[in-house]
Structure formats: structure tokens, C-alpha cells
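Okay, structure first, notes after.
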2 protein chains.
Amino acid sequence: MNKEELKNLINEAGLRVTLHRLRVLSAVAKAKKPITVYELTELLRKKENIDQATIYRNLSSLHLAGILRRSDLNHGHSHYELETGKATHQIICNKCEIIERIEGVSTDNAILKMVQKSKKFKNVITHSVEIFGVCKSCN
Amino acid sequence: MNKEELKNLINEAGLRVTLHRLRVLSAVAKAKKPITVYELTELLRKKENIDQATIYRNLSSLHLAGILRRSDLNHGHSHYELETGKATHQIICNKCEIIERIEGVSTDNAILKMVQKSKKFKNVITHSVEIFGVCKSCN
DNA sequence: TTGCATGCAAATTTTTTGCAGCCAG
DNA sequence: CTGGCTGCAAAAAATTTGCATGCAA
């Protein structure tokens with residue numbers, strides 16, 4: 001996704017297209033994997049001089065706008081990635097926290113059934129399948 | 001699960017059966033849903049005078065021992081519950097954080113396929129399906 | 001007796017907030 | 001111009017750690 005497309009995403013969400021917001025979003029998009037706030041801070045605060053509060057606030061507004069997906073992976077801090085609208089299927093190492101994405105296996109039917117069974121929810125936004133284990137390298 | 005069974009769990013994991021460890025585990029078991037550290041602290045520190053460090057250390061050791069399952073639900077803090085060995089399927093409200101468990105729909109086949117596709121993992125420990133939305137009450 | 005477990009206090013890590021000034025629309 | 005955005009600093013929330021003492025096995 002290029003700068004122009006990212007700008008449009010922000011714009012269409014009704015948010016202001018500021019330099020910093022665009023930089024935060026670009027950095028997440030460029031990562032092509034769930035990136036931690038710490039990693040973003042390394043990239044943006046140090047190299048582009050963006051305050052950490054601004055990073056957090058932008059991650060939050062972009063998340064609320066449905067542009068970013070947030071996921072906590074049982075390691076005490078959150079990860080952000082572009083919201084594709086599709087489910088994410090990932091395997092996470094409990095030791096080194098490496099994340100492997102798995103494509104090509106759908107769980108949509110099962111999810112649909114679950115939502116139909118639900119008493120408290122009528123429709124849902126998204127879902128993720130998180131598989132936990134210990135990776136070959138750590139073993 | 002009664003006290004005796006919980007004791008056995010701890011024992012078989014090779015951990016010492018201390019009064020506090022048993023109380024922490026009992027409180028989680030009694031909750032019958034993923035409980036936050038904050039809720040546990042309310043129960044245990046105030047009523048039974050257990051230090052928060054002890055609560056955290058016990059949650060951690062019980063988790064490492066495979067007795068407790070930890071899950072972060074994108075709200076910035078973790079939840080603990082008894083590890084059943086079975087996958088958890090839950091729908092979480094992005095606003096009020098209410099959790100609804102869904103039983104009776106299996107995703108095991110899909111998970112198996114995913115692990116087979118994986119390059120970095122040979123076998124895995126557990127998995128969870130988390131569906132996010134906004135519940136009827138919040139809507 | 002021996003080493004894991006605990007309390008206490010302090011430190012770390014992660015995230016949020018108040019407020020004055022700045023800038024996109 | 002005006003309200004959202006930002007930096008700065010401080011606070012709050014979540015979790016971890018050091019060390020002396022306690023207690024399970």
C-alpha cells in the first residue's frame with residue numbers, strides 16, 4: 001500500500017491526515033507483520049522524533065477507526081497490523097514470541113455457527129485464531 | 001473441582017503445595033470464567049491478605065506448569081482460567097469486555113491443517129478462537 | 001536442612017492523561 | 001478560525017524483581 005492509499009484510508013475514516021498519523025500508519029503497513037509498540041517507538045521516536053504519546057494516540061484512533069487491528073499475544077504488550085477484514089490465523093511461540101502466519105485454511109463456517117449460537121452478540125466485527133506452542137528453534 | 005483435586009494438580013506438576021498457591025488456584029477455578037489479575041487481587045489481597053507479587057508469581061508458575069491458561073483479550077491486561085486442554089471459543093465485546101463462551105463447535109480439523117502447513121512449528125500446545133464485536137447491551 | 005515460597009518495597013514496563021501551543025481543513 | 005493533533009511531563013496501570021525471612025518436603 002502506498003502513501004496515497006494510506007492517506008485515503010485515514011481520510012475516509014473521518015480522521016485528519018497529519019504527518020505523524022501517516023507516519024505511524026506507514027510504519028505499521030511497512031512491517032507486514034504484527035508489530036509491537038516498542039518496535040514502532042524505536043522506529044518513530046528515535047528516527048522521526050515522534051512522541052510516544054502521539055504514537056499511542058494514533059494507534060488507538062486508527063484502531064477505533066477500523067484501520068488497524070490490535071492483538072495481544074499473551075506476552076504483556078500489544079501488536080498492531082493493517083486490518084484486512086479477513087481473519088488472522090497465526091501460531092505464536094510461547095518462548096521467543098515469533099509469529100507465523102498461516103494462509104489458506106478457512107474457519108469462517110465454524111465462526112458463523114458460533115455467532116449463531118451466541119446469546120449476547122448479534123453480529124461481530126472480526127475474529128482471530130491463535131495457536132500457541134514452542135517453535136522448532138526454541139525446542 | 002474440589003480442594004483435593006487442585007492439590008493434586010499442583011503436586012503432579014512438581015510444585016510445592018502452599019496455602020497461598022492453593023488459594024490462588026482455587027479462586028481461579030471458582031470463577032468459572034477467565035478472571036483478571038485485578039479481580040483476583042480484590043479477592044485475595046483484601047480478603048485473604050495475599051501480596052500481589054505472590055499472586056503474580058503463582059499465576060505465572062501455575063501457567064508455566066500448564067495448569068492455568070492465560071489469555072489477553074486486547075484490553076491491556078491478562079485473564080486466567082483453568083487449562084482444560086480443549087480449545088476455547090469466545091466472543092469478546094470491544095467495549096465492555098464481556099466474554100461469552102461458545103461450546104459445541106469444533107475447529108480442531110482446521111487447526112490441524114494449519115499446523116501441518118507451518119514451517120516453524122512441529123506441534124503445538126493449545127489454541128483459542130477469539131471473536132470480537134460489540135455486544136447487544138453496548139449497541 | 002534445603003531450597004522454593006512469601007512479604008515488602010521498589011523498580012520496570014506499558015499505557016494514559018492534562019494542558020498549553022500547533023496545524024489541517 | 002477552530003477543533004482536533006502534538007509535545008512534554010507526569011500519572012496511572014500492569015507486571016517484575018531484590019532481598020531477608022518463612023515454610024513445605
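In the text below, chain A, chain B and the rest are named by the order of the sequence lines, each starting its count at 1.
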Spacing of [X] atom [atom1] relative to [N] atom [atom2], expressed in whole Å:
X	N	atom1	atom2	value
A:Glu97	C:dT13	CD	C1'	13 Å
B:Leu22	C:dA5	CG	P	14 Å
B:Leu15	C:dT6	CG	C1'	15 Å
B:His77	D:dA12	NE2	C1'	14 Å
A:Ile10	D:dG4	CD1	C1'	14 Å
B:Asn58	D:dT17	CG	C1'	16 Å
B:Leu64	D:dT16	CG	P	10 Å
B:Leu59	C:dA5	CG	P	14 Å

Mind running a 4.0 Å heavy-atom check of residues 36-57 of chain B against DNA chain D and sending the residues that fall below it, in number order?
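Result for residues 36-57 of chain B: B:Val37, B:Gln52, B:Ala53, B:Tyr56, B:Arg57, sorted by number.
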
Residues from residues 66-75 of chain A sitting under 4.0 Å of DNA chain D, heavy atoms only?
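By residue number: none to list.
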
If only side-chain N and O atoms of [X] are considered, is one of them under 4.0 Å from the OP1 or OP2 phosphate oxygen of [N]?
X	N	answer
A:Ser78	C:dT14	no
B:His20	C:dT6	no
A:Ser60	C:dT16	no
B:Asn11	D:dA24	no
B:Thr18	C:dT6	yes

Could you tell me whether B:Glu83 and B:Arg70 have a side-chain N and a carboxylate O separated by less than 4.0 Å?
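Answer for the salt bridge query: no.
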
Could you check whether A:Lys33 pairs with A:Glu39 (Lys NZ or Arg NE/NH1/NH2 to Asp/Glu carboxylate O, under 4.0 Å)?
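Salt bridge flag = yes for A:Glu39 with A:Lys33.
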
Show the nearest heavy-atom pair for residues [X] and [Y], with the distance to one decimal.
X	Y	value
B:Asn74	A:Ser71	OD1-CA, 3.4 Å
B:Leu59	B:Val24	CD2-CG1, 3.9 Å
A:Ser118	B:Ile102	CA-CD1, 3.9 Å

Hey, what do you get for CD1 (A:Ile99) to CD1 (A:Ile91), rounding to the nearest 0.5 Å?
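Here the rounded value is 11.5 Å.
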
So how far is it from B:Glu100 CD to B:Ile92 CD1, rounded to the nearest 0.5 Å?
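So the gap between those two atoms works out to 10.5 Å.
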
Using the test salt bridge (charged side-chain N to carboxylate O under 4.0 Å, His left out), find all partners of B:Lys46 that sit at least two apart in sequence or belong to another chain.
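Applying salt bridge (charged side-chain N to carboxylate O under 4.0 Å, His left out) to B:Lys46 gives B:Glu42.
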
Mind checking B:Ser61 for me? I need base, sugar-phosphate or nothing, with any heavy atom below 4.0 Å counting as a touch.
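Answer is nothing: B:Ser61 stays at 4.0 Å or more from every strand.
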
Can you tell me which residue among A:Arg21, A:His63, A:Arg23 is in a side chain to side chain donor-acceptor pair (under 3.5 Å) with A:Asn58?
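Checked A:Arg21, A:His63, A:Arg23 against A:Asn58; only one passes side chain to side chain donor-acceptor pair (under 3.5 Å): A:Arg21.
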
Closest-nucleotide mapping onto DNA chain C: is B:Arg21 or A:Leu19 further toward the 5' terminus? I mean the 5' end.
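The residue closer to the strand's 5' end, by nearest nucleotide, is B:Arg21.
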
Under 3.5 Å, is there an N or O donor on one side and an acceptor on the other linking the side chain of B:Arg16 and the base of C:dC4?
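Check passes, donor-acceptor contact within cut-off.
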
A:His79 and A:Gln90: side-chain donor and acceptor closer than 3.5 Å?
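Side-chain D/A pair, A:His79 to A:Gln90: absent.
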
